[in-house]
Enquirer: 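Mind looking over this structure? Questions follow.
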Amino acid sequence: MSDAKRPKRSKVTVKSLLEKKRRGEQLVCLGVYDAPMAAIADEIGFDLLINGNAGPMSLLGHPTPMTVRFDEQLILTQAVSRVARYGMVVGHLPYMTYTHAGDAIRTAGRLIAEGGADAVKCEGNRHTAKIVAEVVNAGISVMGHIGMQASRKLEQSGYGFKGRTAAEAAKIVDDARAFRDAGVFGFIIEYTPVEITDYLAETLEVPVVSVGAGPSRDGIYIASSDVVGYSAFPRPKNEASFVDIRPVIAQGLQTYKDHVLSGAYPGPEFIQHMTQPEHDGFLRLVGA
């Protein structure tokens, strides 16, 4: 489609997200962690470009989000924000960077000022909501992350589904309400039964975006590394993959290696020669 025929697009904002919620329109959100993927995703058009835990894990090989350093998360957020023009860039606050209000405001502020993010995302519960409120009061837009929280793997006894019992489900709803009262503009809900997703999407005035928590009337989120099969780790079993580029990449790399070993690459079309007079002069200068 030519630029002249493309529909006019505007930068996604908190206001436009809330308006979509009120109109009953779904948000389509993608986890992106590098400039090439962000450029492609922004051209296609996604509401949220989220640099979450999966970035340092899939690209940098962290086996757990607890080992991710803030500077790594910052660099990946910068890579996305440099090329994204329309999607709202959301930077994730890494493990143990928002245990106190002062630390949280400084960390979130750096993701905005240095990372180029439009908003930040954090996991937590009713206790964390008090810190989130301080970040929001400082003028920083925050998205909550509830349900399964990768940075709380030890506390939550693993990465499995959360909220299977009535008591666990009620606790997730209570935490979500506390986050809502703290001023978050929306939620990611991960790996919970769809009944919790439905209830929160119906009762909260902010978008509730599902990742592995069934369909949500408000929106769906998935990591680009899972969508295309490009990660250091296997695709999570609770999320779909829509294309697998690993065999294509592997074939290209194998062909390159084979061509080098056989002498086929670099071929004549990739070789530059000096003129004969310059070559003769070069040999004289080096004493050949």
Side-chain angles (χ1 to χ4, degrees), residues 17-18 20-31 46-48 50 52-55 57-58 63-66 90 92-93 95 121-129 132 142-227 229 231 233-242:
L17 294 175
L18 295 176
K20 275 197 167 187
K21 164 84 175 186
R22 286 192 288 270
R23 293 195 299 265
E25 298 178 18
Q26 273 212 334
L27 308 180
V28 186
C29 312
L30 189 70
F46 290 91
D47 296 288
L48 298 179
I50 303 174
N53 285 325
M57 295 178 72
S58 64
T64 167
M66 276 83 83
V90 181
H92 180 77
L93 295 177
Y95 178 65
K121 178 176 76 71
C122 68
E123 303 170 354
N125 48 34
R126 176 166 285 279
H127 172 74
T128 312
V132 169
V142 179
M143 188 172 204
H145 190 132
I146 55 178
M148 195 283 284
Q149 301 172 9
S151 293
R152 292 174 173 261
K153 174 187 176 182
L154 301 178
E155 174 191 342
Q156 292 190 339
S157 300
Y159 294 135
F161 266 75
K162 311 302 173 187
R164 292 187 184 274
T165 69
E168 290 175 352
K171 172 66 164 55
I172 292 172
V173 170
D174 182 65
D175 290 338
R177 289 170 174 167
F179 264 47
R180 183 271 316 274
D181 294 342
V184 302
F185 68 86
F187 291 96
I188 298 294
I189 183 167
E190 183 169 4
Y191 290 5
T192 69
V194 70
E195 289 80 6
I196 304 176
T197 305
D198 287 342
Y199 179 81
L200 290 173
E202 181 180 350
T203 60
L204 296 182
E205 62 274 20
V206 297
V208 177
V209 178
S210 167
V211 53
S216 170
R217 69 188 69 188
D218 291 345
I220 299 296
Y221 164 50
I222 191 170
S224 59
S225 52
D226 297 332
V227 171
S231 172
F233 303 103
R235 177 182 61 82
K237 63 181 180 180
N238 298 310
E239 299 172 20
S241 181
F242 297 87

Enquirer: Got a donor-acceptor contact below 3.5 angstrom from the Thr197 side chain to the Ala213 backbone?
Expert: yes
Enquirer: Only pairs at least two apart or in different chains count here, so list each side chain to side chain donor-acceptor pair (under 3.5 Å) that has a residue in residues 199-219.
Expert: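 Sorted pair list: Lys21-Asp218, Arg177-Tyr199.
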Enquirer: Could you check if a side-chain atom of Leu48 sits within less than 4.5 angstrom of a side-chain atom of Tyr221, using non-hydrogen atoms only?
Expert: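 With C-beta onward as the side chain, the pair stays apart.
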Enquirer: Of all heavy-atom pairs between Cys122 and Val142, which one has the smallest distance, and what is that distance?
Expert: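 Where Cys122 meets Val142 most closely, the heavy atoms are SG-CG1, 4.1 Å.
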Enquirer: Just to verify, what does Arg164 make a side chain to side chain donor-acceptor pair (under 3.5 Å) with, not counting sequence neighbours?
Expert: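 Residues passing side chain to side chain donor-acceptor pair (under 3.5 Å) with Arg164: none at all.
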Enquirer: Could you work out, with side chain to side chain donor-acceptor pair (under 3.5 Å) as the rule, every residue matching Asp181, not counting sequence neighbours?
Expert: none
Enquirer: Would you please name every residue forming a side chain to side chain donor-acceptor pair (under 3.5 Å) with Asp226, sequence neighbours left out?
Expert: none
Enquirer: So do the side chains of Arg180 and Phe187 get within less than 4.5 Å of each other, counting heavy atoms only?
Expert: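 In short, these two side chains touch, coming nearer than 4.5 Å.
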Enquirer: Taking side chain as C-beta onward, heavy atoms only, is Arg126 less than 4.5 Å from Asp175?
Expert: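 Result yes, sub-4.5 Å side-chain heavy-atom pair found.
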Enquirer: Does some side-chain heavy atom of Met148 sit less than 4.5 Å from a side-chain heavy atom of Phe161?
Expert: no
Enquirer: Identify which one of Val173, Ile188, Ile189 satisfies the side chain to side chain contact (heavy atoms under 4.5 Å, CB included) criterion when paired with Ile146.
Expert: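 That would be Ile189.
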Enquirer: Quick one: list whatever passes side-chain contact (heavy atoms from CB on, under 4.5 Å) with Ala169, sequence neighbours left out.
Expert: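 In terms of side-chain contact (heavy atoms from CB on, under 4.5 Å), with neighbours along the sequence ignored, Ala169 is linked to Ile196.
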Enquirer: Mind checking what makes side chain to side chain donor-acceptor pair (under 3.5 Å) contact with Arg23, not counting sequence neighbours?
Expert: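 By the side chain to side chain donor-acceptor pair (under 3.5 Å) rule, Arg23 matches Glu25.
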Enquirer: Are Arg22 and Leu18 close enough that some pair of their side-chain heavy atoms sits under 4.5 Å apart?
Expert: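 Arg22 vs Leu18: side chains touch.
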Enquirer: Given Asn53, which of His145, Glu123, Gln149 fulfils the side-chain hydrogen bond (donor to acceptor under 3.5 Å, both in side chains) condition?
Expert: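 That would be Glu123; it is the only one of His145, Glu123, Gln149 passing the side-chain hydrogen bond (donor to acceptor under 3.5 Å, both in side chains) with Asn53.
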Enquirer: Is any side-chain heavy atom of Val28 less than 4.5 Å from a side-chain heavy atom of Ile220?
Expert: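 In short, these two side chains do not touch, never coming nearer than 4.5 Å.
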Enquirer: Report yes if the side chains of Val227 and Ser241 come closer than 4.5 Å at any heavy-atom pair, otherwise no.
Expert: no
